[in-house]
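Worth knowing before you read on, the calculation uses all heavy atoms, side chains too, and leaves out hydrogens, waters and symmetry mates. The shown structure was predicted, so the numbers you read here are calculated from the model rather than taken from an experiment.
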Amino acid sequence: MLEKLVRKIENREAVIGVVGLGYVGLPLVREFSAGGARVLGFDVDEKKIRELLAGRSYIDHIPSSTVKEIVSQGRFDATTDFSRLAEADCILICVPTPLTKMREPDMSYVETTARTIAETLRRGQLVVLESTTYPGTTREVMLPLLEESGLKVGRDFFLAFSPEREDPGRKDYSTRTIPKVVGGYDKPSLKAAVACYEIAINTVVPVSSCEAAEACKILENTYRCVNIALVNELKVLFDRMGIDVWEVIAGSATKPFGFTPFYPGPGLGGHCIPIDPFYLSWKAKQYGMTTRFIELAGEINVSMPEYVISRVMDALNERKKALRGSKILVLGLAYKKDIDDVRESPSLELIELLREKGAKVDYNDPYCPKTHKMREYDLKMTSKKLSAAMLKRYDAVLISTDHSDYDYQFIVDNAQLVVDTRNATVGLKRGRRKIVRA
Ligand SMILES: NC(=O)c1ccc[n+]([C@@H]2O[C@H](COP(=O)([O-])OP(=O)(O)OC[C@H]3O[C@@H](n4cnc5c(N)ncnc54)[C@H](O)[C@@H]3O)[C@@H](O)[C@H]2O)c1
């Protein structure tokens, strides 16, 4: 059974099914297609399927021309008909893994997908979970649901976990060039999964189990979360001490070993870093442990928007103004520069906090023309067009996301006050007295 699947994969005869065609799934479709595989995409969102089949991309950093090319080659199809999962030889699951309101893992998407796959699971199929999750998910959550099909892992089908390391907007690494960690339920599962990813990824890194692969991803994101919290805390301290945290980080980063720079900001954003570590915290409780680093980092990072607001208030106060009634323009809605993803973006929290305190808030983001209803926010705003005249009308401009498109000198020249949370204005010569860092 294994040899047959591996041969099919190597001969590019295997069909790769990708479930969940979002920020993670769509780049995978692209790479598997580029590797010569036949790809079948699944999503519950009919609009996404329609867009793809019409050759249009809905993700900013994947051009429609790429989607058009994949579709025109005739080796890609996309559907909401999940009975077609039986056509796939390898099924890669890229569905969301958010937190519930109580900040516990929301496994509902993974569970629904596992149940759906079980309905058509057939001998010789490989199922790989890519969604970020706590160690144990593949074996404890996925496996029992898949085996409800009556088929047995190891005997009838293969099962693996391979974390996605997609970093939207990144120019120096792509889905293909980011090494991919893979852990199998057993040795045959690992072999099948490695063969599958070798179609699309230059370097595949096998590890000993699904749990090890799951833990790799959580370690990576926890490492970022904790280190960002560290520099966020030091930013506040160094500011009180009259020291420029960004200058310090740049200085420390000249050490050729033993130091990796992390940068402070207005809070943590994105679908991963603010969320994933709490998957591990939740799991740790089952082992009688609290993950203190994660809790502390969460506390510090979550407090950052409040800190930024206090800096805005102080800066206005200096100018004899109150935040209540002031007009504030927030620059950048996306959670990081040069992308259109606003999930968990600190800008949303900043806007809410500013409004709560009575400020009149607008935003500009060239990547996000309007806000959408989200689980926690429904801001109902549209991006305001930047101009010299409009900038002059705001009591303060708050740089929350340092998009490269912005002409920061133009912004400072025309704004009354600029509060910069990203050190975006570092190189500017004119108007430094108008700039406050936060
Ligand atoms: N976005 C990133 O940069 C990134 C990076 C690494 C890992 N991840 C992880 O990858 C996973 C997916 O994240 P994403 O950013 O691609 O999310 P996304 O929201 O962009 O995409 C998820 C897709 O799954 C679809 N979907 C939801 N339920 C489904 C179901 N039952 N069946 C089929 N499709 C379904 C949604 O319609 C959506 O298109 C998450 O676990 C995330 O933590 C994301």
Side-chain angles (χ1 to χ4, degrees), residues 231-253 261-267 303-334 336-338 346-347 349-351 353-366 383-438:
V231 288
N232 273 335
E233 185 171 67
L234 292 183
K235 168 178 79 169
V236 178
L237 171 65
F238 286 171
D239 182 65
R240 286 189 192 177
M241 296 169 77
I243 300 168
D244 178 347
V245 71
W246 280 280
E247 184 189 359
V248 172
I249 294 168
S252 297
F262 287 84
Y263 299 97
S303 72
M304 277 303 122
E306 294 272 4
Y307 170 74
V308 171
I309 300 298
S310 74
R311 297 285 292 164
V312 174
M313 287 199 292
D314 288 349
L316 286 169
N317 195 40
E318 283 279 305
R319 286 153 181 82
K320 301 187 174 56
K321 288 181 185 176
L323 180 53
R324 177 164 298 280
S326 285
K327 291 185 74 181
I328 313 288
L329 179 69
V330 173
L331 285 189
L333 202 66
K336 68 171 188 176
K337 70 169 166 182
D338 304 343
S347 303
E349 180 69 9
L350 288 171
I351 291 172
L353 289 172
L354 287 166
R355 280 178 166 180
E356 273 170 24
K357 295 202 182 306
K360 297 183 189 111
V361 192
D362 288 322
Y363 86 92
N364 168 275
D365 191 316
S383 174
K384 300 279 180 228
K385 200 171 173 323
L386 283 190
S387 71
M390 73 84 84
L391 281 163
K392 286 188 172 73
R393 284 200 292 272
Y394 291 94
D395 297 289
V397 174
L398 172 57
I399 301 174
S400 183
T401 315
D402 51 340
H403 288 310
S404 311
D405 290 359
Y406 285 136
D407 179 343
Y408 291 102
Q409 188 64 69
F410 173 79
I411 289 161
V412 171
D413 283 347
N414 291 290
Q416 300 182 34
L417 163 69
V418 175
V419 180
D420 181 3
T421 68
R422 301 281 191 176
N423 204 27
T425 54
V426 62
L428 302 190
K429 298 275 182 293
R430 290 192 306 275
R432 292 228 61 91
R433 277 185 304 114
K434 290 188 198 172
I435 303 169
V436 169
R437 287 199 291 192

Would you mind reporting whether T401 and L333 have side-chain heavy atoms less than 4.5 Å apart? no
Would you say that I309 contacts L323 through its side chain, given a criterion of any heavy-atom pair below 4.5 Å between the two side chains? yes
Taking only residues two or more places apart in sequence, or in another chain, which ones meet S400 in a side-chain hydrogen bond (donor to acceptor under 3.5 Å, both in side chains)? S347
Suppose we screen for ring pair (Phe, Tyr, Trp, His ring centres under 6.0 Å). Which residues come up paired with F238, at least two apart in sequence or across chains? none
Test your reading of the model: is there a side-chain donor-acceptor pair from N364 to the backbone of L329, 3.5 Å cut-off? no
Among residues two or more places apart or on two chains, list those pairs meeting ring pair (Phe, Tyr, Trp, His ring centres under 6.0 Å) that have a residue in residues 407-437. Y406-Y408
Kindly state each residue pair satisfying side chain to side chain donor-acceptor pair (under 3.5 Å) with at least one member in residues 324-334, sequence neighbours excluded. none
Mind checking the CG-CG spacing from L386 to D407? Nearest 0.5 Å is all I need. 10.0 Å
Hey, does the side chain of T421 reach the backbone of I399 with a donor-acceptor pair shorter than 3.5 angstrom? yes
Mind jotting down which residue pairs meet the salt bridge (Lys or Arg N to Asp or Glu O under 4.0 Å) criterion with at least one end in residues 414-429? Sequence neighbours excluded, please. none
Does CD in Q409 sit with more than 12 non-hydrogen atoms of other residues, nucleotides or ligands closer than 6.0 Å? yes
Using the test side-chain contact (heavy atoms from CB on, under 4.5 Å), find all partners of P264 that sit at least two apart in sequence or belong to another chain. V231, N232, K235, V245, W246, I249
Does the pair I351 and R355 meet the rule for a side-chain contact (heavy atoms from CB on, under 4.5 Å), with working shown? CA-CA 6 Å; I351 291 172; R355 280 178 166 180; 4.1 Å; yes
Name all residues meeting the side-chain contact (heavy atoms from CB on, under 4.5 Å) criterion together with S252; count only those two or more places apart in sequence or in a different chain, and write none if there are none. V248, F259
Is there a donor-acceptor pair under 3.5 Å between the side chain of H403 and the backbone N or O of K337? no
Tell me, please, which residues at least two apart from R319 pass side-chain contact (heavy atoms from CB on, under 4.5 Å). A315, L417
Indicate yes or no: at least one non-hydrogen side-chain atom of L398 is less than 4.5 angstrom from one of L354. yes
Is there a side-chain contact (heavy atoms from CB on, under 4.5 Å) between N414 and M390 once you walk through the steps? CA-CA 9 Å; N414 291 290; M390 73 84 84; over 6 Å; no
Salt bridge (Lys or Arg N to Asp or Glu O under 4.0 Å) contacts touching residues 383-405 (sequence neighbours left out): K321-D395
Heavy atoms only: give me the nearest A438-V419 pair and the separation to one decimal. CB-CG1, 3.6 Å
Listed partners of R433 passing side-chain contact (heavy atoms from CB on, under 4.5 Å), at least two apart: none
Validation row: L316, I328 side chains within 4.5 angstrom (heavy atoms): yes
D413 side chain to R430 main-chain N or O, any donor-acceptor pair under 3.5 Å? no
Sequence neighbours excluded, the answer for ring pair (Phe, Tyr, Trp, His ring centres under 6.0 Å) partners of Y307 is none
Can you confirm whether E349 is buried at CD, in the sense that more than 12 heavy atoms of other residues, nucleotides or ligands lie under 6.0 Å from that atom? yes
Under the salt bridge (Lys or Arg N to Asp or Glu O under 4.0 Å) rule, what pairs show up with a residue in residues 239-249, not counting sequence neighbours? D239-R311, D244-R437
